[in-house]
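In what follows, a single structure is set out as structure tokens and then discussed.
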Amino acid sequence: MIVSVSAVLLLAVVVVVLLRQRTVGFGSALACTTFGFCLATTGMAPALTQALHAVAGLLSLN
């Protein structure tokens, strides 16, 4: 749970920075956010969560 909350916050910051730098338009950011919510409701969500946990484990060097 902590990893997913951290990932959400990090990705939210990235989206805000990209919007402020006008690298990404508001419509594109909205489409990506909507895609993320839709993806979270599919059968791929557990596999993506496991992949995020694996990457976090590698980065923490446990």
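Rounded to the nearest 0.5 Å, atoms OG1 (Thr49) and CE (Met44) are 10.5 Å apart.
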Show me, pair by pair, the donor-acceptor contacts under 3.5 angstrom made by side chains of residues 25-36, not counting sequence neighbours?
| unit_1 | atom_1 | unit_2 | atom_2 | d |
| --- | --- | --- | --- | --- |
| Thr33 | OG1 | Ala29 | O | 2.8 |
| Thr34 | OG1 | Leu30 | O | 2.8 |

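Residues satisfying the side-chain contact (heavy atoms from CB on, under 4.5 Å) criterion with Thr41, sequence neighbours excluded, are absent altogether.
If you chain together ILVMFWY residues whose side-chain heavy atoms come under 4.5 Å of each other, Val13 ends up grouped with Val17.
Cluster membership check: Val24 shares its hydrophobic cluster with Val14, using side-chain heavy-atom separations under 4.5 Å among Ile, Leu, Val, Met, Phe, Trp and Tyr.
Residue Ala40 comes nearest to Ala45 through the heavy atom pair O-CB, 3.3 Å, listed as atom of the first residue, atom of the second, then distance.
Screening Val16, Val15, Thr23 for a side-chain contact (heavy atoms from CB on, under 4.5 Å) with Leu19, the sole residue that qualifies is Val15.
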